[in-house]
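This report refers to the structure that appears directly beneath it.
Computed from a prediction, not measured in an experiment: that's the story for all the values here.
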Amino acid sequence: MKTKLTSAFFIAIAFLLCAPGGSAVAQGVKEKTLKNGTNVIVVRTLAPAEVVSVKPYIDAKEGKKIGRLKMDVVLKNTADEPQSYSVFGQGKTDTGGWLGGVAKAPSKGKLEPGKEVTAKVRTGYEGESVPDEMRLEVFPPQ
């Protein structure tokens with residue numbers, strides 16, 4: 001009985017979030033796709049910010065071919081007040097899984113309105129080259 005109530009509760013919450021006018025977060029989601037050659041980055045913003053640019057690269061130690069995927073993400077505060085953000089980036093593996101990491105932007109304090117900051121996201125993805133598919137999400141701080 002408890003399982004049925006729990007399931008019904010989560011279904012009701014999902015319905016409210018997906019219904020028109022249901023949630024300010026659901027309505028405020030901005031999504032765009034950035035393409036760089038064969039690489040595609042899907043960017044979702046759930047906070048008052050704009051993703052100005054994303055530079056993905058593999059950071060391999062000297063003498064090694066394989067390294068971690070890192071992303072330099074330039075964010076601009078589009079709110080009327082100082083903000084901070086959580087930036088979550090992921091790379092798609094050859095087997096279809098996603099490996100990611102998170103960074104806080106700015107690392108200390110808050111970003112003034114209209115100003116830009118670079119978040120350095122270090123993911124769990126390892127490879128010789130940048131993956132063809134990547135995802136990036138910007139959230140209000142947790």
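- Under the 4.5 Å side-chain heavy-atom criterion for grouping Ile, Leu, Val, Met, Phe, Trp and Tyr, Val102 is not connected to Val43 through any hydrophobic cluster.
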Decide salt bridge (Lys or Arg N to Asp or Glu O under 4.0 Å) for Glu126 and Arg68; before the verdict, give the C-alpha distance in whole Å, the side-chain angles of both, and the deciding distance to 0.1 Å. CA-CA 4 Å; Glu126 289 184 334; Arg68 293 219 183 249; 3.7 Å; yes
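- The NZ atom of Lys30 sits 7.5 Å away from the CD atom of Glu50 when rounded to the nearest 0.5 Å.
- Looking at Arg135, its side chain never comes within 3.5 Å of a backbone N or O of Gly91 through a donor-acceptor pair.
- How far NZ of Lys104 is from OG of Ser84: 5.0 Å, rounded to the nearest 0.5 Å.
- Across Leu99 and Gly124, no two heavy atoms sit closer than the pair CD1-O, 3.6 Å.
- Judged by distance alone, with hydrogens and angles left aside, the side-chain atoms of Thr123 form no donor-acceptor pair with the main-chain N or O of Gly100 at under 3.5 Å.
- Take Ser107 and apply the side-chain hydrogen bond (donor to acceptor under 3.5 Å, both in side chains) test, not counting sequence neighbours, and it matches no residue.
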Determine, stepwise, if the pair Val73 / Thr118 fulfils side chain to side chain contact (heavy atoms under 4.5 Å, CB included). CA-CA 5 Å; Val73 182; Thr118 301; over 6 Å; no
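- The residues Lys65 and Glu128 are annotated as not salt-bridged, no charged nitrogen and carboxylate oxygen being separated by less than 4.0 angstrom.
- Residues satisfying the side-chain contact (heavy atoms from CB on, under 4.5 Å) test with Pro56, not counting sequence neighbours, are Ile41, Val54, Leu69, Met71, Val130, Met134.
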Trace of the side chain to side chain contact (heavy atoms under 4.5 Å, CB included) decision for Asn77 with Lys115: CA-CA 6 Å; Asn77 181 357; Lys115 300 290 182 181; 5.8 Å; no
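- Of all heavy-atom pairs between Ile58 and Gly127, the closest is CG2-O, 3.5 Å.
- Of the possible polar contacts, one joining the Lys32 side chain to the Val51 backbone as a donor-acceptor pair under 3.5 Å is found.
- Inter-residue side-chain proximity for Asp80 and Pro113 is flagged as unmet; no heavy-atom pair is nearer than 4.5 Å.
- Residues Val40 and Thr33 form a side-chain contact, since some pair of their non-hydrogen atoms from C-beta on lies under 4.5 Å apart.
- A distance-only check finds a donor-acceptor pair linking the side chain of Asn39 to the backbone of Pro131 [under 3.5 Å].
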Show the numbers, then the answer: is there a side chain to side chain contact (heavy atoms under 4.5 Å, CB included) between Tyr85 and Phe139? CA-CA 6 Å; Tyr85 306 98; Phe139 298 98; over 6 Å; no
For the pair Arg44 and Glu137, evaluate salt bridge (Lys or Arg N to Asp or Glu O under 4.0 Å) and give the outcome as yes or no after the intermediate values. CA-CA 5 Å; Arg44 284 190 194 107; Glu137 295 179 344; 3.1 Å; yes
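- At a threshold of 4.5 Å between side-chain heavy atoms, the hydrophobic network of Ile, Leu, Val, Met, Phe, Trp and Tyr places Leu34 and Phe88 in two separate groups.
- Remark: Arg122 pairs with no residue by the side-chain hydrogen bond (donor to acceptor under 3.5 Å, both in side chains) rule, at least two apart or across chains.
- In this structure the side chain of Thr93 reaches within 4.5 angstrom of the side chain of Tyr125, judged on heavy atoms.
- Nearest heavy atoms, Val74 versus Glu116: CG1-OE1, 3.7 Å.
- Thr45 has its side chain out of reach of Val29: every pair of non-hydrogen atoms, C-beta onward, lies at least 4.5 Å apart.
- In this structure, Ser53 has no side-chain hydrogen bond (donor to acceptor under 3.5 Å, both in side chains) partners at least two apart in sequence or on a different chain.
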Test log, rule side chain to side chain contact (heavy atoms under 4.5 Å, CB included), inputs Val42 and Leu136: CA-CA 6 Å; Val42 176; Leu136 186 73; over 6 Å; no
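- Within the hydrophobic cluster formed by Ile, Leu, Val, Met, Phe, Trp and Tyr side chains joined at under 4.5 Å, directly or through other members, Ile66 stands alone, with no partner residue.
- Considering only residues two or more places apart in sequence or on other chains, Lys70 meets the side-chain hydrogen bond (donor to acceptor under 3.5 Å, both in side chains) condition with Asp59.
- Of all heavy-atom pairs spanning Pro140 and Ala47, the tightest one is N-CB, 3.7 Å.
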